[in-house]
Enquirer: 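Shown below is the structure under consideration.
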Amino acid sequence: MRFQLTEDQRALRTGVRELLTARFGRERLRAAMADAPALDRDLWRELGDAGFFALRLPEAAGGVGLGLPEAVLAFEEAGRVLLPGPLIATQLAAGTVPGAATGETVVTDVDTGGTVEWLAAADVVRGDAEGAVSVRSVDPLTPLHRVPVQDSGAAVDVPLKSLLTAAEQLGTGARVVELAVEHARTREQFGRPIGAFQAVQQLCAGMLVRVEVARAVVYAAAVTGDPADIAAARLLADEAAVHGARDCLQVHGGMGFTWESDVHLYLKRAWVRARRPGSVTECEELLAAGLLAEAG
Amino acid sequence: MRFQLTEDQRALRTGVRELLTARFGRERLRAAMADAPALDRDLWRELGDAGFFALRLPEAAGGVGLGLPEAVLAFEEAGRVLLPGPLIATQLAAGTVPGAATGETVVTDVDTGGTVEWLAAADVVRGDAEGAVSVRSVDPLTPLHRVPVQDSGAAVDVPLKSLLTAAEQLGTGARVVELAVEHARTREQFGRPIGAFQAVQQLCAGMLVRVEVARAVVYAAAVTGDPADIAAARLLADEAAVHGARDCLQVHGGMGFTWESDVHLYLKRAWVRARRPGSVTECEELLAAGLLAEAG
Amino acid sequence: MDLTDTPQEAEFRARLREWLAKALPSLPDRPSPDDWPGRRAYDLGWQRTLYDAGYGEVHWGAEPAVRMIFLEETEKAGAPYVGANFVGLLHAGPTIAAEGTEEQKARWLPPVLRGEEVWCQGFSEPDAGSDLAALRTRARRDGDDYVVSGSKIWTSHAEVADWCELLVRTDPDAPKHRGITWLAMPMDAPGITVRPLRTLAGSNEFAEVFLDEVRVPVANRVGAENDGWRVTMVTLSFERGTAFVGEVVACRRVLGELALAARENGRWDDPVLRRRLGRLNAEFRALWRLTQWNVSDSVPGVGGSVFKLRYSHARQELYEAAAEVLGDPAALDLEQPWVLDRLSSLSYTIAAGTSQIQHNIVAERVLGLPKGR
Amino acid sequence: MDLTDTPQEAEFRARLREWLAKALPSLPDRPSPDDWPGRRAYDLGWQRTLYDAGYGEVHWGAEPAVRMIFLEETEKAGAPYVGANFVGLLHAGPTIAAEGTEEQKARWLPPVLRGEEVWCQGFSEPDAGSDLAALRTRARRDGDDYVVSGSKIWTSHAEVADWCELLVRTDPDAPKHRGITWLAMPMDAPGITVRPLRTLAGSNEFAEVFLDEVRVPVANRVGAENDGWRVTMVTLSFERGTAFVGEVVACRRVLGELALAARENGRWDDPVLRRRLGRLNAEFRALWRLTQWNVSDSVPGVGGSVFKLRYSHARQELYEAAAEVLGDPAALDLEQPWVLDRLSSLSYTIAAGTSQIQHNIVAERVLGLPKGR
C-alpha cells in the first residue's frame, strides 16, 4: 500500500494546475460570466490538446491512457478554478463521440432528465432533451435547462459521474479554505488579523478537516471504484464544498457578500454540482444497505 | 399580553428554589445516589407539605389551586437540582390516588410499557407492570424497569407529562450553563481563565441560547396547552438539556469526566428524560402535520 | 404569564385589522425592486397613509406589545414593509428624539412621520465592519461646518434618501470610541457620490457612499462632538424587542407554504424532509414565543443577541429546507420562489454583527465570562 | 495511489492471519476489568506470545504499512489489545529508544518487548490538562537522586506498573517549556500513593498518583535536565499515523452490528435512522482511507490533528446512533452493548487535547493563521 500520489500523478496535477492558472485566471473567470451560455471554445480545444478529455482513453485509441485516479486529480483542479462547461460528459464521451477527445465537440448528457447543464452550448446532446426549458440558473457560470423526467431514460455512468463530481467538489472545497485563510490572515478588525480570533480559527480548521477527510475517500474511490466508496466520496465532497463555501463566505463577512467577490461563485457551483444524479438520499441508502451486506 | 412571570409566579419559584436548596443540596444529591432505589420519604413528605404535588389540585379539593404555568416553574426547579423520584406521575395522581397530594403515597405510571421509573419504590403503580425486569440504569439517581410494551395499554396524560418533562429538562439546561460558566471563570489554563478563550465562550453562549429559546416555548406551552407548542417545547428542552450537559462536560474537560463531578449526573438524567413518552419522531411528525393543518 | 391581549390590545388589534382590510385593496401596485424613485414614492405613500389613519407613530410612541400587534397584523395582512422609512422611523428618528435639540426634533421628525423625507444610514465602512468603532471617515471643523471625507458601505436607499445619519471621526487621537460624532448629512450636498453595490443575489439593495470634502453644518450635529458613539448606542437597542416580529411571522408563513408545496410535489412522503419541516415548526414557534417574551420584558436588550443568533441560523435553515422541497432543478432556478431568499439569507449571520461576535457578546455581557480575544 | 498490499505486505498479512488463527483459540480467558493483576498477566502474556512469534517489535521496527496491517488484522481477528503494554511499547519505549543512553536502552527496552515489565505515564496533573507544560510536580536534586513531590492524574495501569515515565519541573524559574525533565520512576519507590479514579462510566480505568519526596536516581533521567519537553515531543507524534487503526476497524465492526441489530428490532424501517447509519458508513470509510493516507505519508504529523478532530466526533456520533438503535429502555441499560461505550466515548473530544485545542493546532500549525487566544 502506497496511498500517496506517485511522481507521475504529482506531475500531472502540477501540469493541469499550471495550464488552468495560465488559461483560466481570475479575469477569465469573470469574463466567462459575461459570455455564458457560450463556452470559450479556444480554451476547450486547448484542454483537448493537453489531453484533459482523452485522459482515460487508451493510447491505442489516441488517448492518454491514464486511469480514474488521474481523472480525479484533473477534475479536482477544474473544481479549484471553477472551470465551466460540461467537462464530465465530454470526457466520458471521448472515444465514443467524434471530436470529444480533442475538445472539438462539446457533449452534454440528459441522463434521466431533470436538470441539464450547458444544453445550448453543446454540440452533441446524449439523451432525449425534448421539452427542454431554459432556467434562470443560480450559478452565473452554469446555464441550466429543465427537461421532463424520463423514468425510462438511460442514466449513463452515474457512479463515474458522481465520482468526478466529487473530485470537482473536492477542488472547490480545497480552494475555499485557501481563500478563507488568505482573507483571515490579511483582514484586520479590532486591531489584529481576524484569523487570530479563535472563532474564525475554528471555522477555518473545520473547513480543512472536511476537505482532508473528503480527499482521502475521493482518492480511494478512484483507486477502488467501489460503489460504496464512491457514495461516501460524493457525500463528503459535497459537504466539503457546500459547507466550506458557506463558511468561507462567513469568514469574508460583508466583503464576501458582494457580486465582485468570487466566494459566492464557489458556493453556487457547489450547489449546482450537489444536485447532479446520485442524491444524498441515494448515497445514504446505498451505504446503509452496504452495512447489512458487509455485516452479513 | 404580559408574557413574563407575575409577582406570584416569581415568589413561587423563589420558594421552591429555597426549599430545594435547603433540603436537597449537593450532599443530599450524592447521598441519594447511594440510597437509590429507595426514596427519601421525609423529603417527599416535605415536598407534599409545601404543596409540590397538590399544586394543580383545586383549593376545594385541598390543593393549591394553581395552574400549569406554576407547575412548569416548580418542575423546572426540580430539574435544576436533579430531584429524584416519580415526581410527575405523583403530581398527576394527586386528587385521584389517596396520599399522592401530600407526598405520603409515591405513584409511578407504566403507561404503554417500555421503561418504568422508580417501580420498586412506588406505593402505587398505575398500569400493568407484569413482567417487569430491573434494568441497570445509566442514571444512578433513576432506577428503571423494563416492562413489556402494551400496545393496548393506556398512556395517561402524555402531552401533560411531556410538558412537565420539558420543564425539568429546562431546569437542567439552565443549571448546566451556570456550572459551565462557573468552571470557565475559575479554571485557568495557559495563564488565563478558560472562559477568556473564544472557543469556550462559543460553547457557553450556544448553551445559553438553547436554554432561552426553549424557555420561551416551554412557558408558552404551559400557558396555551396547545399540543404543537408542547411538542416544540419538548423537542427544544430535550435539546437544551442533553446538548447543554454534553457541552458542560466539554467545558469541564477531564475534571468533568470523574464520578465525583456532578456534570455527568445532569447528562444521564437528561438522557433518561429524553426517552420518556413523546419521542422526537412523534413530536416532529405532529409538528409537521400541524403545518399542513395551519397552512391548508 | 399571559399571552392573551388586554382589552386595549384586543381593541387595537380589531381596529387595525378592520382598517387594513379596507386600506390595503386600494393601495397602488408595488414598484419593481429596481425602480428606486417608485419605491421611495410607494414607501412614503404608505407611511403617509398610516399617519393619516393614526398609526404614524406606532414604531415610537406605542407600548412594545402594541407595536408587536401592529407588526404582526400588518405582516399577516400582507401590508407593505417599512421599506425606505426604516432608518428614519427606527433609527435616526429615535436618535434625534432622544438626543436632539428641540429645534432639531421640530425640523426632522415630522417629515419622517408624515412620509415626506427618507433617511439612510452611513455607519459601516470597508475597513470598519464588525469593528464599527474603527471607522475612519474624517470630519474637520471649518467655521460653522464640518468638512467630511471618506466612504461608507452597505447603505440602503442611498439613491433616494434626503438625509444620512452619519458617523464621522472628529478626533483621530482619542481612543476609537471617543472620537466619533453623529451628523445629519443632507444627501444633496456637493461631494457625495452614491455607487450601487451589487450583492451576490444580483440585487442593488445597497450602495457605497463616497464623501469628498462634503460640508455639513455644525448645527446638524446631534449630541456633543466626540460623543457620537454613545448617541448611537442609545438607539441601537431601541427596536431590538420588536425588530424581527414581521420577519418571524413571515418565516412561519413560508414554512406553511413549504409544507403545502411538498405535499403538492410528493416530497412530503420523504420522512427525513417532513420531519425536518416539523423541526423547523418547533424552531419558529419558539422564536415567536421568544419575541413575545422579549417584548414583555421590562429590561430589553439582553434577549437581543440570543434571539438574533438563533433566528439568523433558523432562517438560513428554512431556505435550505426550501431548496430540498423545490428539488431539482427548481432549487437552482432564480425564478422559483425562495431561491433568491436563500441567497439573501446568507447575510443574516453576518449583517449587524456576525454570529461570531454575537456569541462573544452573549458570553461576555450576558454570562459574564472574562473578556476574550 | 495504490491501496493493494505489496508482495511483502501480502505475505506478512497472510502469515499473520494464519498465525492468529492458530494462536488465538489457545489464549486464556480475558480477566474482568477490575482484576488488575489478572489484566497485567494477561496483557504481558500476549506480548510474550507476540514476541515469541516474531511480532514483538511490530510497533517499533516495522514499516508503518506493516504496522497498520498488524493492527488491522489483530483487531479483525479479535486479538487482545496492547492493554497494559501501551505506554511501554508506544510511548516510553520509543522515547528511550530515541533519546536514551545505550545502558538505558539495554535496561528498559528488552523487558518491554518480552512482556516482562509494565510502564505507566505520569504527565497530566490536576492543574495541567490542556496546558500540559504548566505541570508543577517538583524535582530537586539531592546527590545522585531527584527528590520528587507532586501529583499526577489520568494514569492508566498505575496499580500494576513497574515504571512510570514522569515529567517533573526541575527549574521553576525557567519559561514553562524549558524547566521540565523526563524521568523513569520505579513504581515501588517509597512515597508513591496510587488512588483509583472513578470515571463517569463507573470504571476505575485511571488513577491519581501522589508523590511525596520520592527518590529517583539521576541515572534514570532520559535526555538532559530541563530538556524533557523536547524529549517528550519527539515521541508524542511517534505513533500518530497508526494510533487509531484498531479503533477505526472496531468502529466499522460496531456499525455493522448496529445495522444488524436495527434490522432485528425493526428500527431499520425508520428512514431517518437508516440514513443516519448510512452516513456513518461514509464517515468511517473516509476515516479508514484517511488512516491509510496518513500511514503512507512520508511526513507524518500534519494529518494527526485533522484525523483526531473528525474521528473523536464520529465515534461519539456512532454511540449516539447506537442509543437510537437500542431504543427504549435498552439505551439506558448499562448491561446492553454500546451503552458503556457511549459513556466512555464522551472523553474522546477531551483526552489528549480537546477538540477546541485541536482546532487551534490545525488553524495555527497547518493553516498558518496567526497565533490566537
Side-chain angles (χ1 to χ4, degrees), chain B residues 1-6 9 69 177-178 180-181 184-185 192-193 195-224 226 228-229 231-236 280-281 283-292 294-296, chain C residues 1-6 9 65 68-69 252-253 255-260 262-263 268 271 274-298 302-303 305-307 309-310 356 358-364 366-373:
Chain B
M1 183 195 74
R2 295 294 174 270
F3 186 37
Q4 289 277 335
L5 271 56
T6 62
Q9 287 167 340
V177 179
E178 293 172 7
V181 167
R185 263 206 288 246
R192 74 192 62 205
F197 293 96
Q198 274 191 348
V200 175
Q201 292 190 340
Q202 300 224 333
L203 278 176
C204 294
M207 294 166 74
L208 182 77
V209 169
R210 286 193 295 272
V211 167
E212 293 308 317
V213 173
R215 181 187 305 284
V217 71
V218 169
Y219 289 179
V223 173
T224 67
D226 176 60
D229 276 340
R234 180 67 189 282
L235 284 177
L236 298 191
V280 172
T281 308
C283 289
E284 287 177 348
E285 290 285 7
L286 183 148
L287 284 157
L291 284 176
L292 287 181
E294 293 155 32
Chain C
M1 291 190 283
D2 187 358
L3 284 163
T4 55
D5 289 340
T6 63
E9 288 163 3
M68 179 158 184
I69 292 169
R252 296 187 68 184
R253 188 187 58 235
L255 189 55
E257 291 166 1
L258 290 182
L260 293 178
R263 187 173 61 180
W268 188 254
R274 194 173 62 234
R275 284 179 54 184
R276 185 171 170 185
L277 296 176
R279 171 69 69 160
L280 280 168
N281 189 5
E283 190 69 22
F284 284 104
R285 275 177 178 268
L287 287 167
W288 177 245
R289 299 312 189 183
L290 184 58
T291 303
Q292 294 180 310
W293 181 263
N294 287 342
V295 164
S296 302
D297 197 349
S298 51
V302 170
S305 287
V306 167
F307 179 90
L309 268 170
R310 186 79 167 219
Q356 284 69 36
Q358 301 292 344
H359 273 110
N360 282 10
I361 291 174
V362 169
E364 294 168 16
V366 184
L367 294 175
L369 286 172
K371 186 142 178 54
R373 289 295 170 83

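Naming convention: chains lettered A, B, ... in sequence-line order (proteins, then strands); numbering from 1 in each chain. No experiment lies behind these values; they were computed from the predicted model shown.
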Enquirer: Using heavy-atom distances under 4.5 Å, tell me whether C:Leu309 contacts chain B through its side chain, its backbone, both, or neither.
Expert: side chain

Enquirer: Highest number of heavy-atom pairs under 4.5 Å with chain C: which of B:Val181, B:Thr6, B:Leu203, B:Leu286?
Expert: B:Val181

Enquirer: Shortest non-hydrogen contact from C:Ala286 to B:Val213?
Expert: CB-CG1, 3.6 Å

Enquirer: In terms of heavy-atom pairs under 4.5 Å, which option from B:Ala289, B:Ala232, B:Gly290 contacts chain C the most?
Expert: B:Ala232

Enquirer: Let me know if B:Ala231 has heavy atoms under 4.5 Å from chain C in its side chain, its backbone, both or neither.
Expert: neither

Enquirer: Roughly how far, to the nearest 0.5 Å, is CD of B:Gln201 from CG of C:Asn360?
Expert: 5.0 Å

Enquirer: On a heavy-atom basis, which atom in B:Leu287 and which in C:Ala282 lie closest, and how many Å separate them?
Expert: CD1-CB, 3.7 Å

Enquirer: Rounded to the nearest 0.5 Å, what separation is found between the CG atom of B:Leu5 and the CE atom of C:Met1?
Expert: 5.0 Å

Enquirer: Contact part of B:Arg234 toward chain C, heavy-atom cut-off under 4.5 Å: side chain, backbone, both or neither?
Expert: neither

Enquirer: Is the backbone N or O of B:Met1 less than 3.5 Å from a side-chain atom of C:Glu9, with the two atoms forming a donor-acceptor pair by type?
Expert: yes

Enquirer: Picking from B:Val280, B:Val177, B:Asp229, which has the most non-hydrogen pairs under 4.5 angstrom with chain C?
Expert: B:Asp229

Enquirer: Side chain, backbone, both or neither: which part of B:Glu294 has a non-hydrogen atom closer than 4.5 Å to chain C?
Expert: side chain

Enquirer: Of the non-hydrogen atoms in B:Gln4 and C:Ser296, which two are nearest, and what is the gap between them?
Expert: CG-O, 3.4 Å

Enquirer: At a heavy-atom separation under 4.5 Å, does C:Gln292 approach chain B through its side chain, its backbone, both, or neither?
Expert: both

Enquirer: With a 4.5 angstrom heavy-atom cut-off, could you sort out which part of B:Ala221 is near chain C: side chain, backbone, both or neither?
Expert: neither

Enquirer: Looking at C:Ala363 and B:Ala205, what are the two nearest heavy atoms and their distance?
Expert: N-CB, 4.2 Å

Enquirer: Of the backbone (N, CA, C, O) and the side chain (C-beta and beyond), which part of C:Thr4 lies under 4.5 Å from a heavy atom of chain B, both, or neither?
Expert: backbone

Enquirer: Please answer whether the main-chain N or O of C:Gly368 pairs with a side-chain N or O of B:Arg185 as donor and acceptor at a distance below 3.5 Å.
Expert: yes

Enquirer: Side chains of C:Arg289 and B:Thr224, heavy atoms from C-beta outward: is any pair under 4.5 Å?
Expert: yes

Enquirer: For a side-chain contact (heavy atoms from CB on, under 4.5 Å) with B:Glu284, tell me which candidate from C:Arg279, C:Arg274, C:Arg276 qualifies.
Expert: C:Arg279

Enquirer: Among C:Asn281, C:Ile361, C:Leu280, which has the most heavy-atom pairs under 4.5 Å with chain B?
Expert: C:Asn281

Enquirer: Measuring from C:Arg275:CZ to B:Cys283:SG, what's the distance to the nearest 0.5 Å?
Expert: 10.0 Å

Enquirer: Checking C:Trp268 against chain B: side chain, backbone, both or neither under 4.5 Å from a heavy atom?
Expert: side chain

Enquirer: Would you give the length of the straight line joining atom CD of B:Glu178 to atom CG of C:Leu367, rounded to the nearest 0.5 angstrom?
Expert: 10.0 Å

Enquirer: B:Glu212 versus chain C, heavy atoms under 4.5 Å apart: side chain, backbone, both or neither?
Expert: both

Enquirer: Quick check for you: to the nearest 0.5 Å, what is the distance between B:Tyr219 atom OH and C:Leu3 atom CG?
Expert: 13.0 Å

Enquirer: Taking the side chain as C-beta and beyond, is there a heavy-atom pair between B:Leu236 and C:Glu283 under 4.5 Å?
Expert: yes

Enquirer: I need the minimum non-hydrogen distance between B:Leu291 and C:Leu255, along with the two atoms involved.
Expert: CD2-CG, 3.7 Å

